[in-house]
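Both backbone and side-chain heavy atoms feed into the values below; hydrogens, waters and symmetry mates do not. Remember, it's 1-based here, ligands and their atoms both numbered in the order they're listed.
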Amino acid sequence: MFTRRHAIRLGLTTGAVGAVGAAGGVFRTLTTGQRAGQPATAPVAASAAETASAAGTASAAGAVEPFSVPLTVPPVLAPYLRTRRADYYRITTRRAAAEILPGTRTDVLTYNGSFTGPTIHARTGRTTVIQQVNELDMPTSVHLHGGNNPVEHDGGMMDTIAPGRRRTYVYENKQPAATLWTHDHAHHMESEHVYRGLSGLYLLREAVEDRLGLPSGKYDIPLVLRDADFDENAAMVYTMDDAENRTTILVNGRPWPYLRVEGRKYRFRLVNSCNLRIFVLALSDGTATQHPVQQIGSDGGLLTAPAETPVLVLSPGERIDFVVDFSKYAPGTRLSLANMLGPGPTELVGQVMRFEVGRPTADRSRVPDTLAALPAPSSLPKPAVERSFDLTMDEPGTGGHQAYINGRTFDPDRVDTHVEWGTSEVWTVTNKSATIPHNFHTHLVQFRILERDGQPPYPAEAGLKDTVLLFPGQTAKLHLTFDSHRGVYPYHCHMIDHSAMGMMAQMKIS
Ligand code: C2O
Ligand code: CU
Ligand code: CU
């Protein structure tokens with residue numbers, strides 16, 4: 001259960017905690033006019049003035065009536081070849097024009113012309129082979145976020161595909177079922193490339209998960225969240241480290257959509273594909289009633305047991321799988337997925353999408369009490385080494401625009417951390433920024449959170465994780481085991497404007 005104490009440890013302000021309690025029309029977004037994804041130290045109710053100024057900034061998104069656009073689900077890519085052991089795909093990275101805001105066209109960067117990119121369905125133990133063709137006039141690199149892959153298939157920052165060239169990535173899928181994410185990782189370009197659309201889903205399934213009987217097929221729906229800043233011509237505006245103006249919320253590439261659901265259980269897979277925005281989400285019927293959901297999975301796969309929670313907290317790169325049982329609601333009920341964290345006016349960033357509940361339908365799906373077998377933190381392998389990582393960034397007003405891990409900005413020619421293959425380590429990661437949230441993402445490994453600010457992690461983040469959110473001043477103690485691939489892999493803040501500003505480093509496993 002997500003408690004008030006958990007919320008406080010997560011750095012939610014009292015206002016947000018109150019909003020969690022209220023979980024409805026009275027919630028307050030934290031504030032506007034702040035720097036880069038910064039939560040306010042004090043909640044500010046959206047005022048009429050704020051609303052007016054939001055409407056005053058000419059944006060084609062201003063014409064969008066929230067919950068007027070149906071949710072679409074990204075297309076599932078069909079393999080061009082299936083063998084006994086592998087599925088073969090071809091994806092072209094190219095420019096396209098997409099209808100994001102109704103009746104307008106926006107120039108975007110895409111995988112196969114699709115915004116959000118197409119979804120790949122993969123199975124644990126079966127190999128996925130993807131030939132990526134780069135038809136852009138810029139280098140690209142395709143990273144499978146959350147994937148456990150050899151370094152030559154990891155899509156590193158420097159390991160790019162030149163314009164006009166192609167490259168084949170092979171994923172052996174030797175890891176549990178999970179919601180994974182592919183995105184661009186070309187050094188110094190990843191932030192803008194991902195923002196402009198180089199982002200797609202990779203859903204890894206396996207037989208043990210199938211047998212659980214969770215909602216599946218058309219009742220298993222991905223929700224890829226992001227924000228964007230549109231100008232009056234519906235062009236996407238990219239300004240580095242500009243969280244405040246990215247106030248149009250998109251789900252699967254559509255603004256504030258609605259989804260008609262049957263009165264039964266659904267599984268939703270949330271991916272935060274934003275560059276900077278952190279979401280604190282709750283189901284809301286517009287009153288103060290709480291509508292807890294069951295979180296069943298996090299970044300690296302299923303939790304050991306479902307965790308009932310009134311809020312879902314998701315920073316860039318993080319994933320949350322959760323189940324909602326709409327049979328509890330009368331047909332005609334409207335439930336919105338509300339967001340309680342800024343920056344941005346509540347009218348815009350305070351809502352994500354809406355569910356419109358229909359008639360009850362037959363439902364044989366279930367959410368078992370035991371989902372996955374994971375070792376208890378106390379029985380994880382003893383660490384060979386303990387290390388500390390401090391995240392800092394030039395503070396607002398200093399004129400600096402760099403970001404650091406342990407005082408250093410990223411240097412692709414430097415190995416920052418030497419890890420002995422086959423060992424486990426404990427990493428203590430601290431956000432030393434005074435006002436700016438960060439998170440911490442490792443390539444290659446799924447880690448376990450042993451402690452958050454000296455206390456056990458809350459149940460929703462006690463499973464396999466590859467990205468951990470750290471509000472200013474927060475510390476997380478992570479347990480990592482390096483027993484798969486060798487090589488040089490990055491770790492970085494996944495607020496990718498920050499990693500592009502230098503908050504990234506490299507570990508060599510040998
Ligand atoms: Cu989403 Cu370096 O990763
Ligand atoms: Cu990654
Ligand atoms: Cu950061």
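Taking 2.8 Å as the threshold, His143 counts as a candidate ligand of the Cu ion (ligand 2), since one of its N, O or S atoms lies below it. Backbone or side-chain N, O or S atoms of His145 do not reach the Cu ion (ligand 2) at under 2.8 Å. For His185, the nearest N, O or S atom to atom 2 (Cu) of ligand 1 falls under 2.8 Å. Distances from atom 2 (Cu) of ligand 1 show that His443 has an N/O/S atom below 2.8 Å. Distances from atom 2 (Cu) of ligand 1 show that His492 has an N/O/S atom below 2.8 Å.
With the Cu ion (ligand 3) as the vertex, SG of Cys493 and ND1 of His438 span 130° to the nearest 10°.
Asp497 and Arg246 are joined by a salt bridge, as a carboxylate oxygen and a charged side-chain nitrogen come within less than 4.0 angstrom of each other. Salt-bridge formation is not detected for the pair Arg196/Asp184: no Lys NZ or Arg NE/NH1/NH2 atom is positioned less than 4.0 Å from an Asp or Glu carboxylate oxygen. Ion pairing between a basic and an acidic side chain is recognised when a charged N comes within 4.0 Å of a carboxylate O; Asp321 and Arg267 show such pairing.
In this structure, Gln294 and Pro306 approach most closely via the heavy-atom pair NE2-CB, 3.9 Å.
Atom ND1 is the N/O/S atom of His498 found closest to the Cu ion (ligand 3).
Annotation: His498 is not in aromatic contact with His492 [ring centroid separation under 6.0 Å not met].
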